[in-house]
Every structure is written in structure tokens, then in C-alpha cells.
Amino acid sequence: MAPSARMAMTRRVHPLVSLNPYQGNWTIKVRVTSKGNMRTYKNARGEGCVFNVELTDGDGTQIQATMFNEAAKKFYDRFELGKVYYISKGTLRVANKQFKTVQNDYEMTLNENSEVEEASDEAACIPETKFKFVPIDQLGPYVNSKDLVDVIGIVQSVSPTMSIRRKSNNETVPKRDIVVADETKKTVVVSLWNELATTVGQELQDIADKSPVVAIKSLKVGDFQGISLSTLGKSIVQVNPVISESKKLRNWYDSEGKETSMASVGSGLSPSTKSGGRSMYSDRVSLAHITSNPSLGEDKPAFFSIRAYISFIKPDQSMCVSQNEYNNEKRQRITVRATAPVDFAAESKFLLEEISKMRASQ
DNA sequence: CCCCCCCC
């Protein structure tokens, strides 16, 4: 008997929702619906390698599982995107809200003693990768947000692979840009990074003249040239996927899309109005807007966003840090909110610690 | 224990 069948018979399969940190003896049956790259890290707590998978069970419940070092090396090749596994002997802990990518209060850690068996015999009733496509003309609200998007479109062009030098550590990374269009008659540039540039990117280049459909899960939405898309380690790229949206898009393109003139979704958007005025930063102003208008906020509160460097923190003003987000090595995006008097010493200490954390993490 | 996701 195959090990996976034995495992299935000797242990009840637990639904993912029933797992918690206090009950260790379980077996789950899950599909790998996302697989991250193997990464190495080095920080104050040590160094090592790590990778994540997202797992989905028959109820559609998802959880993120993380493997470090020996476990990462042991299971990296065993876990294949889209396959179904029996897993036991993992541990659960409360998920860090700040980083969680799936809807689950817990996250799972697998160590080298965890059991991972492919359920190869199964006609498993577990959902495949599910997309939630955002039409290209609706990408605005996602610009620079933490939320990732799925996009489907017709590939209009494919660039050669480029070698990009990463500013942070001078290493080079392969990149390829593709232009994608959809029924909203808008186009957007999608940057494919790393293996996606060299593998599926090459495949797309080879068939670019056939205007293939591409469906991409988990894209980050940036603001380069108004609106831009970029793959992450966990992104999934499917060429001519067999799904209804693909067929619909193909029909549209063949019947009228290919004759239609289409504009870049980011074109004509100035930096402050990029993303069609729907971005969380669409009310962004310059500091001059505030300093040149002494009556601003006099009769009613004024709301706006700014992006600025912190050059000095005055110790005699009340402020409250409401959000504090790392942007890049030269810029920190800090959202501060003027508010009723608070413990400024504590707030400024917090703020400064956050900034030094950001710098340390570069 | 990661939590980065790159470039114009």
C-alpha cells in the first residue's frame, strides 16, 4: 500500500478550521495553492533559509505553512504547486496580522520531523488555484497597497529578458516586461521577475504573435508610469488557462479587441492623480499646500496625504503614529495623524524605533 | 526564526 493511502486510512483527516496551537495530533489533506521561493536571510536572530506555501483544504480554508533550514531543504522539492498532500506533525502559532497573506488566525510551521505525503491516488475534491480577476481599468485603488491582485489579459508584447541590478545588494535579477490588455480597452505593463522572466516569460515571447491569454495570480500594483504590475515570489502565471474568463477574453479579442485602439491604464495620470483618483493617496498634496494656506482646517478638519522625508521631530508637539510603512532605502512613507495630546515621548520613541528597524532591515 | 520581492 502506498504510504499516503496508509496515512489516510490510519488517521482521520482534520479540516483546517479545526486546527489550533494546543492540539498536535492531526492529519490534514491540502492542496498547495501557492509556493514561494527559497529565500536566505540574515539578521540579529541568526541566519538561514526559509520558504512558505499556502495550503487549501476541501472546505476552501487556507493556511500558510513555513519551513526553515533543514525542513526547508527537505520539503522544497517535495511540495509542488497544485498537488495534494497529507500533512501531519506540524505546529501552529498565532499568525502575525501584519504579514498574513491568507484568511486564518494561525500559521503553520513544519520541521524536519513533519510528515508530508503526496496524495497521488486522489481525485481530491479540493479547489484549484482560484483567481479573483481585477479588470485593468479598476487597478487604481490598489496602487502601492499591500493587497495583491489577479489579472487576466491578452499579451500584446513581450520584452527580451533584462538583467536588473538590485540597489540593495548589487545582485542582478532577470526581468521581462509584458504588456497585457483586457476588455476594458486598457493596457498595463507587467514585470515578470526571476524564473518567471526566464521560463514562462520565454514561452510567452515564443508565442507572442498569437496574442496568448495570460492569467496571473498575486501581483503587486505599483505606480511606475501611473500604474504598473510586478510579480512576487508567490505569483502564479498561467498561459492560455482553461477557464471561462480566458475563453471570453479570447472571443472578445478575436472578434473586436484586436482592431480596437487601447490606451495604457496609467497614461495621462499625473503623480497626484495617478490611479484615477481612487488611490489611497489620491488626496496627496505638497507641503507647500499646507504652509501656504494658513486658514486650512480652520472651520472644518482638512484631510490629505503627504509623502515626505522626516528631517526633524519636534519634541513639543502632539502627534500620533497611525501607520508606518517601509517604502525604500531613500524614502519612508509615514502617515501621521494630528490628534489630541498623547504621550509624545512614547510616540516619538516608537516612531524612531520603527525608522531604525526599517533601516536595519535594508 | 520569514515578513524581502528588486529597475526604470
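Values reported hereafter were calculated over all heavy atoms of this structure, with side chains retained and with hydrogens, waters and symmetry mates removed. What you are looking at is a predicted structure, and each value in this text was computed from that prediction instead of being measured. Letters A, B, ... are given to chains in the order of the sequence lines, protein chains preceding strands, and every chain is numbered from 1.
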J.: Using a heavy-atom cut-off of 4.0 Å across all strands, would you classify G46(A) as base, sugar-phosphate, or nothing?
T.: nothing
J.: Considering only residues two or more places apart or on different chains, which pairs with a residue in residues 183-204 of chain A satisfy ring-ring contact (aromatic ring centres under 6.0 Å, His included)?
T.: none
J.: In residues 104-114 of chain A, which residues come under 4.0 Å of DNA chain B by heavy atom?
T.: E107(A)
J.: Between K248(A) and E245(A), is there a salt bridge with N-O shorter than 4.0 Å?
T.: no
J.: Can a donor-acceptor pair under 3.5 Å be found between the side-chain atoms of Y41(A) and the base atoms of dC4(B)?
T.: no
J.: Look at all strands and tell whether N37(A) reaches a base, only sugar-phosphate, or nothing, counting heavy atoms closer than 4.0 Å.
T.: nothing
J.: Kindly point out which of dC7(B), dC4(B), dC1(B) is positioned nearest to the side chain of K167(A)?
T.: dC7(B)
J.: K220(A) near the nucleic acid: base, sugar-phosphate alone, or nothing, with a heavy-atom cut-off under 4.0 Å?
T.: sugar-phosphate
J.: Going by the salt bridge (charged side-chain N to carboxylate O under 4.0 Å, His left out) test, name the single residue among K217(A), K220(A), K130(A) that passes it with D150(A).
T.: K217(A)
J.: What nucleic acid atoms does R176(A) come within less than 4.0 Å of, heavy atoms only: base, sugar-phosphate, or nothing?
T.: nothing
J.: Hydrophobic clusters join Ile, Leu, Val, Met, Phe, Trp and Tyr when side-chain heavy atoms are under 4.5 Å apart, directly or via other members; which others share one with V213(A)?
T.: F131(A), F133(A), I152(A), I154(A), I243(A), L249(A), W252(A), Y253(A), M262(A)
J.: According to side chain to side chain donor-acceptor pair (under 3.5 Å), who are the partners of S218(A), at least two apart in sequence or on a separate chain?
T.: none
J.: Hey, is the side chain of R45(A) poking within less than 4.0 Å of OP1 or OP2 on dC2(B), counting only N and O atoms?
T.: yes
J.: Compile the donor-acceptor pairs under 3.5 Å between side chains in residues 44-54 of chain A and protein atoms, sequence neighbours left out, one pair per line.
T.:
| residue | atom | partner | partner atom | Å |
| --- | --- | --- | --- | --- |
| N52(A) | OD1 | T66(A) | OG1 | 2.8 |
| E54(A) | OE2 | T101(A) | OG1 | 3.0 |
| E54(A) | OE2 | K234(A) | NZ | 2.6 |

J.: Output every pair passing side-chain hydrogen bond (donor to acceptor under 3.5 Å, both in side chains) with a member in residues 204-213 of chain A, not counting sequence neighbours, ordered by first then second residue.
T.: R176(A)-Q205(A), Q202(A)-Q205(A), Q202(A)-D206(A)
J.: When Ile, Leu, Val, Met, Phe, Trp and Tyr are grouped by side-chain heavy atoms lying under 4.5 Å apart, directly or through other members, which residues fall in the same group as L232(A)?
T.: L148(A)
J.: Base, sugar-phosphate, or nothing: which does S235(A) touch, judged by heavy atoms less than 4.0 Å apart?
T.: nothing
J.: Could you state the CZ-C1' distance from F75(A) to dC2(B), rounded to the nearest angstrom?
T.: 18 Å
J.: Please report the distance, rounded to the nearest Å, between CE in M38(A) and C1' in dC4(B).
T.: 15 Å
J.: Rounding to a whole Å, what distance do you find between I178(A):CD1 and dC7(B):P?
T.: 20 Å
J.: Scan N43(A) against the nucleic acid and name what it touches under 4.0 Å (heavy atoms): base, sugar-phosphate only, or nothing.
T.: sugar-phosphate
J.: What integer distance in Å separates N194(A):CG from dC4(B):P?
T.: 17 Å
J.: Quick one: side chain to side chain donor-acceptor pair (under 3.5 Å) partners of D177(A), sequence neighbours excluded?
T.: K175(A), S191(A)
J.: Under the criteria of a ring-centre distance below 5.5 Å and an interplanar angle below 30°, is F224(A) stacked with the base of dC8(B)?
T.: yes
J.: Can you see if the side chain of K175(A) gets near the phosphate of dC5(B) - specifically, an N or O under 4.0 Å from OP1 or OP2?
T.: no
J.: Can you tell me how far C1' of dC4(B) sits from CG of L148(A), to the nearest Å?
T.: 13 Å
J.: Can you find a pair of side-chain heavy atoms, one from E118(A) and one from V84(A), that are under 4.5 Å apart?
T.: no
J.: Let's see if you get this right: which residues in residues 153-163 of chain A place a heavy atom under 4.0 Å from DNA chain B?
T.: none
J.: Taking CG from N170(A) and P from dC7(B), how many angstroms apart are they, rounded to a whole number?
T.: 11 Å
